[in-house]
Amino acid sequence: MAHIRRDERIDLLSKVWLFSNCSLKELHRIAGLATPMSVTPGDVLAREGEGGSEFFVVVEGTAVAKINDELVGTLSPGSFFGELALLDRGPRTATVTASTVMTVLVLSRPEFHELIIDAIPSVTRKMIYVLGARLRQADQRASRELTNV
């Protein structure tokens, strides 16, 4: 577990795109919800098809996301993942594996819901934007697969 003081978490959060429009008061609230975690290369943070109960924000390091063992993206500082399984209570849609040493901030299901429902509208808007982009990419992948049949 990473030992990051609350003021250091606030500084880290302020540099993350998802939280860039948050006030200092909002950053304090998020820092109180988020738990920092150290990750080593090869650690699996989310496994496709399994249930999920955490939301992750990448603070340092990188990870890869794969669907059906096909690389679909690289997650770098500022990226986030795990929200879909928390929103719909369905299984994880991708496997996310650390490529390097990482620091991530983790929110449990109740903390995540407090963040997006009760706390900070600017974070919710950005998350919806990213979810839309991911849905569009999935649609494009599905269309390519259908035309290759």
Side-chain angles (χ1 to χ4, degrees), residues 1-67 69-141:
M1 192 66 70
H3 297 289
I4 301 174
R5 293 188 336 261
R6 189 179 182 117
D7 60 329
E8 290 175 303
R9 277 186 273 165
I10 291 166
D11 184 53
L12 291 171
L13 287 166
S14 70
K15 295 173 184 166
V16 173
W17 171 81
L18 184 62
F19 306 121
S20 62
N21 291 335
C22 293
S23 68
L24 187 56
K25 181 180 177 181
E26 291 168 332
L27 291 172
H28 273 278
R29 187 158 183 198
I30 298 165
L33 294 172
T35 302
M37 184 172 83
S38 295
V39 182
T40 58
D43 285 354
V44 176
L45 299 167
R47 192 172 307 277
E48 183 179 1
E50 292 184 0
S53 58
E54 301 92 14
F55 168 72
F56 300 88
V57 178
V58 179
V59 176
E60 297 173 332
T62 59
V64 294
K66 293 183 177 182
I67 297 175
D69 289 325
E70 179 185 333
L71 181 67
V72 293
T74 300
L75 301 164
S76 56
S79 300
F80 61 88
F81 61 96
E83 72 286 343
L84 193 56
L86 298 184
L87 290 170
D88 72 359
R89 297 189 183 269
R92 298 285 193 196
T93 57
T95 297
V96 177
T97 307
S99 304
T100 67
V101 171
M102 299 177 71
T103 300
V104 295
L105 295 174
V106 183
L107 284 90
S108 67
R109 185 182 309 275
E111 293 162 340
F112 174 77
H113 283 280
E114 182 176 337
L115 173 70
I116 65 164
I117 294 170
D118 301 330
I120 304 156
S122 67
V123 172
T124 305
R125 282 191 298 277
K126 285 184 175 183
M127 204 171 289
I128 290 169
Y129 170 80
V130 171
L131 285 169
R134 289 180 186 170
L135 181 57
R136 184 176 306 280
Q137 289 172 342
D139 284 347
Q140 290 169 346
R141 245 190 334 271

Quiz prompt | Distance (rounded to the nearest 0.5 Å) between Leu13 CG and Leu24 CG | solution = 11.0 Å

Self-check item: Close side-chain approach of Met37 to Phe56, heavy-atom, < 4.5 Å
Solution: yes

Quiz item: Rounded to the nearest 0.5 Å, what separation is found between the NE2 atom of His113 and the CG atom of Leu33?
Solution: 12.5 Å

Quiz item: By side chain to side chain donor-acceptor pair (under 3.5 Å), which residues pair with Asp69, not counting sequence neighbours?
Solution: none

Quiz prompt | Counterpart residues, side chain to side chain donor-acceptor pair (under 3.5 Å), relative to Glu54 (two or more places apart) | solution = none

Exercise. Using the test salt bridge (charged side-chain N to carboxylate O under 4.0 Å, His left out), find all partners of Asp88 that sit at least two apart in sequence or belong to another chain.
Key: none

Quiz item: Where do Ala94 and Ile67 come nearest, in terms of heavy atoms and distance?
Solution: CB-CG1, 3.7 Å

Exercise. List for me each residue that meets side chain to side chain donor-acceptor pair (under 3.5 Å) alongside Glu60, sequence neighbours excluded, and say none if there are none.
Key: Thr103

Exercise. Please collect all ring pair (Phe, Tyr, Trp, His ring centres under 6.0 Å) contacts where either partner lies in residues 82-102, sequence neighbours excluded, each pair once.
Key: none

Practice problem: Could you tell me the separation between the CG atom of Leu107 and the OG1 atom of Thr35, rounded to the nearest 0.5 Å? | Solution: 7.0 Å

Quiz item: What is the minimum heavy-atom distance between Pro41 and Ser99, and which atoms define it?
Solution: CB-O, 3.8 Å

Quiz item: What pair of heavy atoms forms the shortest contact from Leu105 to Ala34, and how long is it?
Solution: CB-CB, 4.0 Å

Quiz item: Can you name the closest pair of heavy atoms from Leu86 and Gly52 and give their distance?
Solution: CD2-O, 3.7 Å

Self-check item: Pairwise distance CZ(Arg92) to CD(Glu50) - rounded to 0.5 angstrom
Solution: 9.5 Å

Quiz item: Has the side chain of Arg89 got a donor or acceptor atom that lies under 3.5 Å from a matching backbone atom of Gly51?
Solution: no

Self-check item: 4.5 Å side-chain heavy-atom contact, Val58 and Met102
Solution: yes

Quiz item: Where the side chain of Thr100 meets the backbone of Thr62, is there a donor-acceptor pair that is under 3.5 Å apart?
Solution: yes

Quiz item: Hey, are the side chains of Cys22 and Ile30 touching, using non-hydrogen atoms and a 4.5 Å cut-off?
Solution: yes

Quiz item: Which heavy atom in Gly49 sits nearest to a heavy atom in Pro91, and how many Å separate them?
Solution: O-CB, 3.4 Å

Exercise. Answer yes or no: is there a donor N or O on one side and an acceptor on the other, between the side chain of Glu26 and the main chain of Ser23, under 3.5 Å?
Key: yes

Practice problem: Output the distance between atom CZ (Arg29) and atom CD1 (Ile10), rounded to the nearest 0.5 Å. | Solution: 13.5 Å

Distance-only donor-acceptor pairs under 3.5 Å for side chains of residues 74-85, two or more places apart:
unit_1 : atom_1 : unit_2 : atom_2 : d
Ser79  : OG     : Ser76  : N      : 3.1
Ser79  : OG     : Ser76  : O      : 2.9
Glu83  : OE1    : Arg134 : NH1    : 3.2
Glu83  : OE2    : Arg134 : NH1    : 2.4

